[in-house]
Amino acid sequence: MEPGNQTRVSEFILLGLSEEVEMQPFLFWLFLSIYLVTFIGNLLIILAIIIDSHLHTPMHFFLSNLSFADICFISSTVPKMLLNIQIQSKVITYESCITQMYFFMLFGGLDNFLLTVMAYDRFVAICHPLYYTVIMNTKFCGLLLLISWLLALLDSLLHGLMVLRLSFCTELEIPHFFCELNQVAQLACSDTFLNDLVMFATGLVGVIPLTGILFSYTKVVSSILRISPAEGKYKAFTTCASHLSVVSLFYGTGLGVYLSSAATQNSGASAMASVMYTVATPMLNPFIYSLRNKDVKQALKKIFS
């Protein structure tokens, strides 16, 4: 954009999902309900894994961290949206916007890397079962978690620093319910070529985890097909079903948001599409793991009994 009419930004305006006054109470109660279900559901998964010694396995260790990441992921956006609806304000300060953007990318990235690590865990469990406990030892699991955190931290920090170098115009309305990186960058008056380049490069790097997941499951499916009894095939598949469902939901909704943004200039429609990725996915994950995972289901029954 041209560098004219620049100003020192103190706040942005979040337009939200709808500007209709009549819709605000409905949106407030809807998103409050979704947030509470997500928070409680993921918290129960974490508590079940901590309490039940049968769930002290590498897969459930990563699952508990995924649940924690999901709680933080939805907490980076929805509480601010609820507050703005409640006080009838659309304002978010510059500092809060940058902070929200940073934590949204941090925990979204952490989700991405944890799902990759969990796919590797299933690959080792099914393709190399005799060496599973040797490979997926406590130290190695801790290392994989540390690497996931570091990669997510570096990615979000890089994007955050790139946004800090931008200067903004007087047009500060964000057609979204949170400070989304691309939407904020589009409001800049200064040159965003470097930002676009970094977003493109990190987007390409982001394909690596998905490639790793697809490679792992290609090997897993190949190994399952070689198992002779049908019962053995079913048992092997059920150990992967929950994770595969979550992966499909995470990447499917993410791809849906990207395609809807590319296909339409309607930013409101794009914001609605992103609800599936930012809100629905963290909410559905506990249900998928509790309904499809017999061990988690039994641990949850112990908590309520």
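Atoms considered below: every heavy atom in the structure, side chains included; atoms not considered: hydrogens, waters and symmetry mates.
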Participant: Is the shortest heavy-atom distance from the side chain of H176 to the side chain of S274 under 4.5 Å?
Facilitator: yes
Participant: According to the interplanar angle, ranging from 0 to 90°, do the rings of F178 and F104 count as parallel (below 30°), tilted (30 to 60°) or perpendicular (above 60°)?
Facilitator: tilted
Participant: Quick one: sort the F68 and W149 rings into parallel, tilted or perpendicular, breaks at 30° and 60°.
Facilitator: tilted
Participant: Below 4.5 Å, heavy atoms only, C-beta onward: do Y102 and V163 meet side chain to side chain?
Facilitator: no
Participant: Go through the structure and list residues passing side chain to side chain contact (heavy atoms under 4.5 Å, CB included) with L164, not counting sequence neighbours.
Facilitator: Y94, I98, L161
Participant: Could you walk me through whether I224 and V221 satisfy the side chain to side chain contact (heavy atoms under 4.5 Å, CB included) test, starting with their C-alpha distance in whole Å, then the side-chain angles of each, then the deciding distance to 0.1 Å, before giving a yes or no?
Facilitator: CA-CA 5 Å; I224 290 174; V221 170; 5.6 Å; no
Participant: Does a sphere of radius 6.0 Å around NZ in K297 hold more than 12 heavy atoms from other residues, nucleotides or ligands, not counting ones at 6.0 Å or beyond?
Facilitator: yes
Participant: Within the 4.5 Å heavy-atom criterion, are F177 and L14 side-chain neighbours or not?
Facilitator: no
Participant: CE/M105 to CG/L110 distance, rounded to the nearest 0.5 angstrom?
Facilitator: 14.0 Å
Participant: Report the distance from atom CG of L83 to atom CD of Q88, rounding to the nearest 0.5 Å.
Facilitator: 12.0 Å
Participant: Could you name each residue pair satisfying disulfide bond (SG atoms under 2.5 Å apart) that touches residues 48-77, not counting sequence neighbours?
Facilitator: none
Participant: For residues 86-119, which residue pairs pass the disulfide bond (SG atoms under 2.5 Å apart) check, not counting sequence neighbours?
Facilitator: C97-C179
Participant: With sequence neighbours excluded, what pairs up with S18 under the side chain to side chain contact (heavy atoms under 4.5 Å, CB included) test?
Facilitator: E20, M23, Q24, L27
Participant: At what distance, to the nearest 0.5 angstrom, does CD1 of I13 lie from CD1 of I174?
Facilitator: 9.0 Å
Participant: Could you check whether H56 and S53, counting side-chain N and O atoms only, form a donor-acceptor pair closer than 3.5 Å?
Facilitator: no
Participant: Do any pairs count as a ring pair (Phe, Tyr, Trp, His ring centres under 6.0 Å) and have a residue in residues 192-213, sequence neighbours left out, and if so which ones?
Facilitator: none
Participant: If you compare all heavy atoms of M81 against all heavy atoms of L17, which two are closest, and at what distance to 0.1 Å?
Facilitator: CE-CD1, 3.8 Å
Participant: With sequence neighbours excluded, what pairs up with K302 under the salt bridge (Lys or Arg N to Asp or Glu O under 4.0 Å) test?
Facilitator: D52
Participant: What residues form a side chain to side chain contact (heavy atoms under 4.5 Å, CB included) with N112, not counting sequence neighbours?
Facilitator: T116, P209, F250, Y251
Participant: Taking the six-membered ring for Trp, are H128 and F123 closer than 6.0 Å centroid to centroid?
Facilitator: yes
Participant: Any heavy-atom pair between the side chains of R122 and S216 that's under 4.5 Å?
Facilitator: no
Participant: Looking only at heavy atoms, what is the nearest atom pair of A48 and L300, with distance?
Facilitator: CB-CD2, 3.9 Å
Participant: Quick one: does D155's side chain get under 4.5 Å of L151's, heavy atoms only?
Facilitator: no
Participant: Which heavy atom in S148 sits nearest to a heavy atom in V117, and how many Å separate them?
Facilitator: OG-CG2, 3.6 Å
Participant: Name the atoms and distances for all side-chain donor-acceptor pairs under 3.5 Å in residues 29-47, with sequence neighbours left out.
Facilitator:
{"residue": "S33", "atom": "OG", "partner": "W29", "partner atom": "O", "Å": "2.7"}
{"residue": "Y35", "atom": "OH", "partner": "S75", "partner atom": "OG", "Å": "2.8"}
{"residue": "T38", "atom": "OG1", "partner": "I34", "partner atom": "O", "Å": "2.7"}
{"residue": "N42", "atom": "OD1", "partner": "S67", "partner atom": "OG", "Å": "3.4"}
{"residue": "N42", "atom": "ND2", "partner": "T38", "partner atom": "O", "Å": "2.9"}
{"residue": "N42", "atom": "ND2", "partner": "P282", "partner atom": "O", "Å": "3.2"}

Participant: Closest heavy-atom contact between I74 and T278?
Facilitator: CG1-O, 4.2 Å
Participant: Taking only residues two or more places apart in sequence or in another chain, which ones pass ring-ring contact (aromatic ring centres under 6.0 Å, His included) with H54?
Facilitator: none
Participant: Is the distance between the ring centroids of F103 and F73 less than 6.0 Å?
Facilitator: no
Participant: Report the residues that fulfil ring-ring contact (aromatic ring centres under 6.0 Å, His included) with F62, sequence neighbours left out, ordered by chain and then residue number.
Facilitator: none
Participant: Identify the two heavy atoms, one from A188 and one from C169, that lie closest to each other, and give their separation to 0.1 Å.
Facilitator: C-SG, 4.2 Å
Participant: In terms of heavy-atom contacts, does NZ of K90 have more than 12 from other residues, nucleotides or ligands at under 6.0 Å?
Facilitator: yes
Participant: Using the ring-ring contact (aromatic ring centres under 6.0 Å, His included) criterion, which residues pair with Y217? Sequence neighbours excluded.
Facilitator: H243
Participant: Restricting to side chain to side chain contact (heavy atoms under 4.5 Å, CB included), what partner residues turn up for L214, sequence neighbours left out?
Facilitator: L210
